[in-house]
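The structure appears below as structure tokens.
Start at 1 with the first residue, then count along the sequence. Scope of the values below: all heavy atoms of this structure, side chains included, with no hydrogens, waters or symmetry mates. Counting starts at 1 for both ligands and their atoms, in listed order. If you're wondering where the values come from, they're calculated on a predicted model, not measured in any experiment.
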Amino acid sequence: MAATRAGTAPVVALHFGDGVLHAIDQTELPWRERQLELRTAAEVADAIKRLAIRGAPLIGVAAAYGVALELARDPAPTSLSRAAETLRTARPTAVNLSAAVDRVERAVQAVGESDAGDAALTEARAIEAEEQAASAAIATHGAELLAGARRILTHCNTGALAAPGRGTALAVIAELAARGSLDAAIATESRPLLQGARLTVYELSRLGIPHELVVDSAAPGLIAAGAVDAVIVGCDRVAANGDVANKVGTYGLALAARAAAIPFVVAGPTSTIDLATPTGAEITIEERDPDEVRLIAGRSLTLPGTPTRNPAFDVTPAELVSALVTEDGVLRPPLASGR
Ligand code: MRU
């Protein structure tokens, strides 16, 4: 039975005001909505590393503001290069992070030192506004594409906590719910950090969208049994050939969707497409702390010191992707010949 709760406005994951970047600490959701106040590039980078701020478009926007925060304190070129490096290397997989930092860096380099802080802030605000507009367009294009799908499965968290505006894949689900054509969203837990169980359920609940939570390993069986009409996920980097890096577990969902002949749709802004990376094989997959797998809420799930792999993402080949929904419309992979 799908769970619902009275709807409220979408959550606002971060906002810049009074010279401070305010951000919800997503590691504490859904239990507590605690606001962080970030004042330096190092503080923003730390929040990104520990996933207090997460989701490809959102970390790009946060990093852009991180550069602006630093230049407001010290507008010297050395301050710019130090801040840019600290933020660019906070996480490796989502291209939005390095792309946003590079963009702010170029905007600052085009003006004199006295205008550096203003130029950085203007560029950060522009990136945020573009991502907000992209989110709205993705919701519309995606809802038109999936108009006939009543039960939609999604992975990780791709809503307002992951991207400015309403998010990406979850924005499509929210739009279908608003249009009255969705029976239920099915959210995977998204082990090990439970972005689905903690964040997607939190957002769906706030929005009053009917939903069910499943363990990751239940998803392929439910797809095979005909309980899912379509799968929609976000993306962290789309290579030039259309291969998609996204939260670990995405590839298995794509295989299950292909076997069941249902659409496997990826939603993301064009800022997540990286034409400089030819194929998924060249995408760096972040390996995170093994204790994220060994522990849950600080308690051990296994024997201490158990050898563990913890890749945070995987790559889905373009041929398994039915459609890529961007703000420019629906693209059909492969995007270009990357090989
Ligand atoms: O490790 P996370 O939580 O940052 O991973 C996020 C994802 O994999 C999302 O699917 C992706 O960033 C798209 S967000 C709109």
Using a strict threshold of under 4.0 Å (side-chain N to carboxylate O), is an ion pair present between [Y] and [X]?
X: D25; Y: R50; answer: yes
X: E203; Y: R206; answer: no
X: E70; Y: R82; answer: no

- request: Determine which pairs satisfy side chain to side chain donor-acceptor pair (under 3.5 Å) with at least one residue from residues 159-176, sequence neighbours left out, and list them in order.
  value: R166-E175, E175-R179

- prompt: Which residue pairs pass the side chain to side chain donor-acceptor pair (under 3.5 Å) test with at least one member in residues 109-124, sequence neighbours excluded?
  reply: R103-E123

Ligand 1 N/O to protein N/O, distances under 3.5 Å:
residue: ligand 1; atom: 1 (O); partner: R91; partner atom: NH1; Å: 3.4
residue: ligand 1; atom: 1 (O); partner: R91; partner atom: NH2; Å: 2.8
residue: ligand 1; atom: 1 (O); partner: K247; partner atom: NZ; Å: 2.8
residue: ligand 1; atom: 3 (O); partner: R54; partner atom: NE; Å: 2.5
residue: ligand 1; atom: 3 (O); partner: R54; partner atom: NH2; Å: 3.3
residue: ligand 1; atom: 3 (O); partner: Q195; partner atom: NE2; Å: 2.9
residue: ligand 1; atom: 4 (O); partner: G55; partner atom: N; Å: 3.1
residue: ligand 1; atom: 4 (O); partner: R91; partner atom: NH1; Å: 2.8
residue: ligand 1; atom: 8 (O); partner: D236; partner atom: OD1; Å: 2.9
residue: ligand 1; atom: 8 (O); partner: N246; partner atom: OD1; Å: 3.1
residue: ligand 1; atom: 8 (O); partner: K247; partner atom: N; Å: 3.3
residue: ligand 1; atom: 10 (O); partner: N246; partner atom: OD1; Å: 2.6
residue: ligand 1; atom: 12 (O); partner: A56; partner atom: N; Å: 2.9
residue: ligand 1; atom: 12 (O); partner: D236; partner atom: OD1; Å: 3.1
residue: ligand 1; atom: 12 (O); partner: D236; partner atom: OD2; Å: 3.0

statement: Taken in chain and number order and not counting sequence neighbours, the residues that satisfy salt bridge (charged side-chain N to carboxylate O under 4.0 Å, His left out) with R258 are none

